[in-house]
Amino acid sequence: MILGHNINQFNLPFSSLLKKSELQELFDKSNLVKYNAKETVLKQGTRTSHLMLIKEGMVKIYKENRNDRNQILRLSKKNDFIGMTSIFGAESFHFSASSVERTEIWFIDFDVFKNILLRNSKYAIKMLELLSEENLFTTDRLLGQIAKQLPGRIADVLLYFSEDIYHSTKFTIPLTRRELAELAGTTKESFIRTLTEFKNDKIINIKGSSFDIQSMDIIKTLHNLG
Amino acid sequence: MTKTPLRILVVDDTFTNRFLLRELIKKSGYEYMEAEDGKQGIEVMLNERPDLVLLDIEMPVMNGFETLAYIRTQMDAPLNQIPIIAITAHDPNIFKEEFQSHEFDALLTKPFSSEKIISLINQICA
């Protein structure tokens, strides 16, 4: 659904580095789309034509594999771009994205965005920094999944929500146990079993989808020891 | 002459606990061995003769109390005098009386902290 919008709602990161005319040009070539929870935002294999920027909400970025086995790469939230790596590195998106809660996303015309990067080196450098951060994050997460044992991987997921997403030791996760397992790179059964162990050992408390980290020391120890 | 590192046996049915304790114990320079229940723990004790046992209370097959009773009454010296630290998620206030009626050397209650675990091991083994 396309909504009416104005430039004050356009939350482009680092927009202070843009000329007013550049910001206006980007805004004029963007449109805002609203999603309910669990709607597909983009499908793996779609041709890249737009860069996406989250205005509100949260989106899961995931790789679709054979046999209906997905792997969640990250959760993107307000002010995050979606698709930067695919836009610059491929003709089609290498992942899918879907909303995990009510979400609003700006679709920004990529040709206009690219032209502004060609003209505005300061802004281009900022985008390179964002790309590097995204790549380092993904590399660290995937290497962690290869190298770490299950308790370390589950601790990583809990720390991710606590420190990167909600900035609190208490949070409610809008994902199913299966999706959380996909984020940890394990099966739903193993994920639930390890969560139960964490609960029995009073490392965390869980009530449905609400989590309360009771021993951050142990979570961080498990994260570090892997 | 190099001193032989202390050999610590962890008896716990929870993989997360064994994983955590293994990493902390090895990182502190001790030798680690493990068992998943009391029966297995007794077998490891007989074969490996550890210096200290960390014994979970709630376990299948043979729980911590049964295992402790067997070690103290059925095993030969010096294994029957081995220091044993009880591990439990029970409320320490409720569990204290039960703990005191058994011959444990110390009590480690969950949630652990890595500092608490290592300082207790060092204290018992000093």
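Note: hydrogens, waters and symmetry copies are ignored here, and every other heavy atom, side chains too, is used. For clarity, every value in this text was computed on a predicted model and none was experimentally measured. Letters A, B, ... are given to chains in the order of the sequence lines, protein chains preceding strands, and every chain is numbered from 1.
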Does [atom1] belonging to [X] count more than 12 external heavy atoms closer than 6.0 Å?
X        : atom1 : value
B/Glu103 : CD    : no
B/Gln74  : CD    : yes
B/Lys27  : NZ    : no
A/Arg177 : CZ    : yes
A/Lys188 : NZ    : no
B/Glu115 : CD    : no

Measuring from [X]:[atom1] to [Y]:[atom2], what's the distance to the nearest 0.5 Å?
X        : Y        : atom1 : atom2 : value
A/Ile218 : B/Leu24  : CD1   : CG    : 6.5 Å
B/Phe15  : A/Glu197 : CZ    : CD    : 8.0 Å
B/Lys116 : A/Asp217 : NZ    : CG    : 10.0 Å
A/Leu225 : B/Lys26  : CG    : NZ    : 11.0 Å
A/Ile203 : B/Leu20  : CD1   : CG    : 6.5 Å
A/Asp201 : B/Asp12  : CG    : CG    : 7.0 Å

Ordered numerically, the heavy-atom neighbours of chain A under 4.5 Å found in residues 33-55 of chain B are none
Residue pairs passing the ring-ring contact (aromatic ring centres under 6.0 Å, His included) test with at least one member in residues 36-78 of chain B, sequence neighbours excluded, are B/Phe65-B/Phe95, B/Phe65-B/His102
Using side-chain heavy atoms (C-beta onward) and a distance below 4.5 Å, is B/Thr16 in contact with A/Leu222? yes
Whatever's closer than 4.5 Å to a heavy atom in chain A on B/Arg22 counts as side chain
Looking only at heavy atoms, the pair that brings B/Phe19 and A/Gly152 closest together is CE2-N, 4.4 Å
| request: Indicate yes or no for a side-chain donor-acceptor contact from A/Lys202 to the backbone of B/Ala89 under 3.5 Å, with no hydrogens or angles considered. | output: yes
